[in-house]
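Quick caveat: nothing in here was measured; it's all calculated off a predicted structure.
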Amino acid sequence: MKAVVITTPGGPEVLKLLEVEEPKLTDNEVLIRVEATALNRADTLQRQGKYPPPKGDSEYPGLECSGTIEQVGKNVSRWKIGDQANKLMADMSGILVCVLISGGGYAEKVAVPAGQVLPIPSGVSLKDAASFPEVACTVWSTVFMTSKLSSGETFLIHGGSSGIGTFAIQMAKYLGVKVFVTAGSEEKLKACKELGADVCINYKTEDFVARVKEETGGKGVDVILDNIGGAYFQKNLESLGMDGRLFIIGFMGGVKAEANISFLLAKRLTVQGAGLRTRSLEKKAEIVSEVEKNVWPAIAQGKVKPVVYKSFPLSEAGEAHKLMEASTHIGKILLLA
């Protein structure tokens, strides 16, 4: 099979589509023929040598994909080729699925733990389904399972036009939350507004702390989902209301911060952080199960839709990485196998 190989740590040009060995299937895995995979910021860090895959996982980038089940391990019970229980998502060649993985999505085939496999959401194409697993599992496991964001609360999303952001806006609105976003251009803010965001803030021209305070009558928001890290830490503490929760999922603005931690005590704040890739198979299976139960119905109802900016063939993975690093896109970027 062919896969995108990081030939040496470096820029987008180090990504090469090469002939490689097919993955070996274990008893608890399913083998997927990949239709499409989606880019994530973590892929660009892995390409630079800054974010290696967990030990034992595929060395090729790609944290999610969609495709067709070609083979199942002997201990796998849910996913059986030709199983009539799955006929709604099956075609003549097998069962159509999308999956959460720790690596290997940039390839023609990938072996996936059975607990990380999801049916294609109703009304979504096989290609576009590749845009959902990583964002859905990240947002649901952080904002909803951990920070307990609930109907009637307020929610600030940094990077509202990103893949994570565009999904989080829609999911939060579906659940009755007032949504604030930051983004760096009027085009991106317009896209966020069209997805349902209530308050859209251009971080290049506005102080988001002041705007949040203005829009909440000085109270602040209940939950913040942050991918910036150090540069926003103090501002995030100032933007939260009483019993507010800050969840950090990235460090695009650095890993160090100087902050007035008295805000933590005065407002009873909670600061949380987590990655998804390094969680145990058991925890990932739990998250995937919760996503299917809570998120997939919203997609089936058309309340949460895939936001795909552009698609590239696997052979142009380097060009796709250039687009992601330029940060001009809105939503997800796909690679087609």
Side-chain angles (χ1 to χ4, degrees), residues 30 32-43 61-69 79 86 88-89 95-106 110 112-145 157 159-175 191 195-196 225 227 249 276-277 279 284-312 320 324 329-337:
V30 299
I32 309 291
R33 175 170 287 280
V34 177
E35 172 81 8
T37 185
L39 270 67
N40 290 278
R41 288 280 174 186
D43 303 346
L63 301 177
E64 57 192 334
C65 67
S66 61
T68 306
I69 293 180
W79 307 102
N86 292 297
L88 291 178
M89 23 178 162
I95 302 168
L96 308 181
V97 295
C98 54
V99 301
L100 177 72
I101 43 182
S102 297
Y106 289 26
V110 63
V112 186
Q116 293 165 218
V117 179
L118 286 154
I120 299 299
S122 177
V124 176
S125 71
L126 181 59
K127 180 190 79 165
D128 286 351
S131 69
F132 277 126
E134 178 74 16
V135 295
C137 290
T138 295
V139 173
W140 190 260
S141 65
T142 56
V143 174
F144 296 100
M145 290 175 70
I157 306 162
S161 62
S162 66
I164 290 280
T166 53
F167 173 84
I169 292 168
Q170 297 180 83
M171 197 66 214
K173 291 306 297 179
Y174 172 74
L175 293 172
L195 290 170
L225 183 62
N227 61 352
I249 58 168
L276 185 59
R277 191 182 198 184
R279 294 201 187 198
K284 286 180 183 175
E286 177 191 344
I287 292 168
V288 166
S289 176
E290 288 295 309
V291 164
E292 184 175 356
K293 187 189 309 176
N294 295 286
V295 177
W296 260 219
I299 299 173
Q301 293 171 37
K303 301 298 185 182
V304 176
K305 297 176 179 174
V307 181
V308 175
Y309 185 74
K310 191 171 182 180
S311 301
F312 295 82
M324 170 159 273
H329 65 290
I330 294 167
K332 298 287 281 189
I333 301 166
L334 302 184
L335 292 175
L336 307 181

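In this structure Ser311 satisfies the side-chain hydrogen bond (donor to acceptor under 3.5 Å, both in side chains) test with no other residue, sequence neighbours excluded. Judged as a side-chain contact (heavy atoms from CB on, under 4.5 Å), and not counting sequence neighbours, the contacts of Thr138 are Glu134, Ile164, Ile249, Leu276. Residues passing the side-chain contact (heavy atoms from CB on, under 4.5 Å) test with Val34, sequence neighbours excluded: Cys65, Val110, Ala337. Looking at residues two or more places apart in sequence or on another chain, you find a side-chain contact (heavy atoms from CB on, under 4.5 Å) between Phe312 and Lys310, Glu316, Glu319, Ala320, Leu323, Ile333, Leu335. Under the rule for a side-chain hydrogen bond (donor to acceptor under 3.5 Å, both in side chains), the partners of Asn40 that lie at least two apart in sequence or sit in another chain are Glu64, Lys332. Under the side-chain contact (heavy atoms from CB on, under 4.5 Å) criterion, Ala285 pairs with no residue at all, not counting sequence neighbours. Applying the side-chain hydrogen bond (donor to acceptor under 3.5 Å, both in side chains) test to Arg279 and every residue at least two apart in sequence or in another chain returns nothing. Listed by chain and residue number, Trp140 satisfy the ring pair (Phe, Tyr, Trp, His ring centres under 6.0 Å) test with Phe144 (two or more places apart in sequence, or in another chain). In this structure, Arg41 has no salt bridge (charged side-chain N to carboxylate O under 4.0 Å, His left out) partners at least two apart in sequence or on a different chain. Annotation: side-chain hydrogen bond (donor to acceptor under 3.5 Å, both in side chains) contacts of Lys305 (sequence neighbours excluded): none.
When every heavy atom of Ala130 is checked against every heavy atom of Ala36, the shortest pair comes out as CB-O, 3.4 Å.
Judged as a side chain to side chain donor-acceptor pair (under 3.5 Å), the pairs with a partner in residues 164-173 (not counting sequence neighbours) are, in order, Lys173-Asp198. The salt bridge (Lys or Arg N to Asp or Glu O under 4.0 Å) contacts involving residues 291-303 comprise Arg78-Glu292, Glu290-Lys293, where partners must be two or more places apart or lie in separate chains.
No side-chain donor-acceptor contact under 3.5 Å links Glu35 to the backbone of Ser66.
At a threshold of 4.5 Å between non-hydrogen side-chain atoms, the residues Gln116 and Val99 do not count as touching.
Taking CG from Leu96 and CD1 from Ile32, the interatomic distance works out to 10.0 Å, rounded to the nearest 0.5 Å.
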